[in-house]
There are 2 protein chains.
Amino acid sequence: MLKANHHAEPLGRREQNKIDTRHAIADAAFELARSVGPGAFTVDQIVERAGVSRRTFFNYFPSAEDALTVRMDLFIDLALGVFEQLPANEPLFGAIIRAFTETTRMEGLSQHGELFRMAGADPDLLRAQLHSWERAEARIGEALRARLGTAASELYLTALVGCVMSSTRAALRDWAVHTPPSASDSGKQLEARILAALTMLRDGFADPGALIAPDPPDIPARS
Amino acid sequence: MLKANHHAEPLGRREQNKIDTRHAIADAAFELARSVGPGAFTVDQIVERAGVSRRTFFNYFPSAEDALTVRMDLFIDLALGVFEQLPANEPLFGAIIRAFTETTRMEGLSQHGELFRMAGADPDLLRAQLHSWERAEARIGEALRARLGTAASELYLTALVGCVMSSTRAALRDWAVHTPPSASDSGKQLEARILAALTMLRDGFADPGALIAPDPPDIPARS
DNA sequence: GCAATTTTTGCACTCCGTGCAACGAAGCGT
DNA sequence: ACGCTTCGTTGCACGGAGTGCAAAAATTGC
């Protein structure tokens, strides 16, 4: 269910077992959340499915909800990998947007959307996700620092990253409200919204009326 | 410690008692967090200080950390009150920035900064605060909707609000890192950073090198 | 195969969060 | 002031969350 790592480094049994356990727990939690709803299951149910002891669960995650944020962490892993490969002379916002679209091409967004919707029904899951976004922000900030060098101020950098993440989240909200879970082009709808939001940000929120076009807007180069 | 409400509406005993209890709990929690550190105290300690029963605490807050977000909620109350009074023809970003500065003139920022710092040491408090920001975002979004009318798309509006909040948070982070808790002009430092961040946002992150000037930057009009 | 290291597990314990029912205080009509 | 109603508070009890600790099991290096 969860993606394995792609760098074929020689992993020892120890490392590999830990990764497997982690994913087993995450998968069990996700399936449970799907079937009975977020916040409607206990840690004991998770560990039964995952085949580990209760105590082991808490060696990996501080709470049941945290097991549901593994997917986002992995998504960020991938996206950062893509981002670092992009040519350094590419415009900043363009690189960010491309890193995102390339990653969605690998991973898809449906499960992320699903989890986002769940968070609307369970405050604890929402908090875990917000925390996850926060961690992602920090990691992306480092990647941007590596690209921009010391010319960009700390404030500029963190504000920029924060806005990118905020815009993405706004797109998720809009998508969750306006696209029914059953929609066939659900993923495309979401991607289009994220692109629209990032484009607005890049252009300084100049056009309040910017709406979602039926097909993904093309992005005229800038910044 | 916490501000009383300013509209002198005729409140009944019931309403007033609830407000008092709420504030008593919030104050007790804050004092405790200050003295022993965030996450280092129990609900029982809070209720002992506040003079209410354990059960009553949970009638007001779902967790100990949530009692520490009351201040931010009240700050947003004030800020929204200010924002609604501003002339409707004032440029959007200008109005947002003014609503913020006016509110800080009433309330100050030191306690907010203090709480923000605490969140760095306690994941649960961090999550509660992130949730609080989320609620604030929703409320501010409504206020902006009332001002902008139906011309602005839902996505534009939520993305904009999200970016405003993100930029503010970035300013808080920068402040927490670079300004020692003992600094005498701590509040001014923070305010200057928030203004700088909001200005960058307004200008579309055009200048990566934007740094904090020793004295608060003045804001040339736009948008 | 053996010793060292790391991970898993069971156990015990405190604290959290909530449903429930009894109690007490505020509102309200007379 | 009286009773009646409504709403908030409290105590109790219970299941679940999260953690320190030490024993057991698995992996590693020799």
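Within every chain, numbering begins at 1; the chains are lettered A, B, ... in the order of the sequence lines, protein sequences first and strands thereafter.
Side chain to side chain, A:Q45 and A:R49 fail the donor-acceptor criterion of an N or O pair below 3.5 Å. With no hydrogens or angles considered, no side-chain donor-acceptor pair links B:D66 and B:T69 at under 3.5 Å.
For residues 110-146 of chain B, the set of pairs meeting the ring-ring contact (aromatic ring centres under 6.0 Å, His included) definition, not counting sequence neighbours, comprises B:F75-B:H112.
Looking at which nucleotide of DNA chain C each of B:R55 and B:E15 is closest to, the 5′-most match is held by B:R55. Mapping B:N17 and B:A64 onto DNA chain C by nearest heavy atom places B:A64 at the nucleotide closer to the 5' end. Place B:K18 and B:R54 on DNA chain D by their nearest nucleotides, and B:K18 ends up nearer the 5' end.
Here the P atom of nucleotide C:dC15 and the CG atom of B:L32 are 14 Å apart, to the nearest Å. A straight line from CG of A:D20 to C1' of C:dT6 spans 16 Å, rounded to a whole angstrom. Across the protein-nucleic acid pair, A:F58 atom CZ and C:dG10 atom P stand 14 Å apart, rounded to whole Å. Between the P atom of C:dC15 and the CG atom of B:D124 lies a distance of 16 Å, rounded to the nearest Å. A straight line from CZ of B:R127 to P of C:dC16 spans 17 Å, rounded to a whole angstrom. Rounded to whole Å, the distance from CZ on B:F61 to C1' on C:dC15 is 19 Å. Distance CZ (A:R13) to C1' (C:dT8): 16 Å, rounded to an integer number of Å. One interatomic measurement links the two molecules: OH of A:Y60 to C1' of C:dT7, which rounds to 7 Å at whole-angstrom precision.
Contact between the side-chain N/O atoms of A:T56 and the OP1/OP2 oxygens of C:dT9 is found at a separation under 4.0 Å.
The outermost nucleotides of DNA chain D lying under 4.0 Å from heavy atoms of chain B, listed 5' to 3', are D:dT6 to D:dC12.
Residue A:R14 has its side chain nearest to C:dT6 when only C:dT6, C:dC16, C:dA25 are considered.
Among B:Q16, B:K18, B:R22, B:H23, the one residue that satisfies the side-chain hydrogen bond (donor to acceptor under 3.5 Å, both in side chains) test with B:D20 is B:Q16.
A distance-only check finds no donor-acceptor pair linking the side chain of B:R105 to the backbone of B:F100 [under 3.5 Å]. In this structure a side-chain-to-backbone donor-acceptor pair under 3.5 Å is missing from A:Y60 to A:I25. With hydrogens and angles ignored, the 3.5 Å screen pairs no side-chain donor or acceptor of A:R98 with any backbone N or O of A:E102.
Nucleic acid contact class of A:N59 (heavy atoms, under 4.0 Å, all strands): base.
An angle of 30°, rounded to 10°, separates the two end axes of the helix from C:dG1-D:dC30 to C:dA26-D:dT5, each defined over five pairs.
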CA sep, side-chain torsions, deciding dist, call: B:T56, B:N59, side chain to side chain donor-acceptor pair (under 3.5 Å) = CA-CA 5 Å; B:T56 296; B:N59 284 343; 4.6 Å; no
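Annotation: cation-pi pair B:R202/A:F205 absent, no NZ/CZ under 6.0 Å from the ring centroid and within 45° of its normal.
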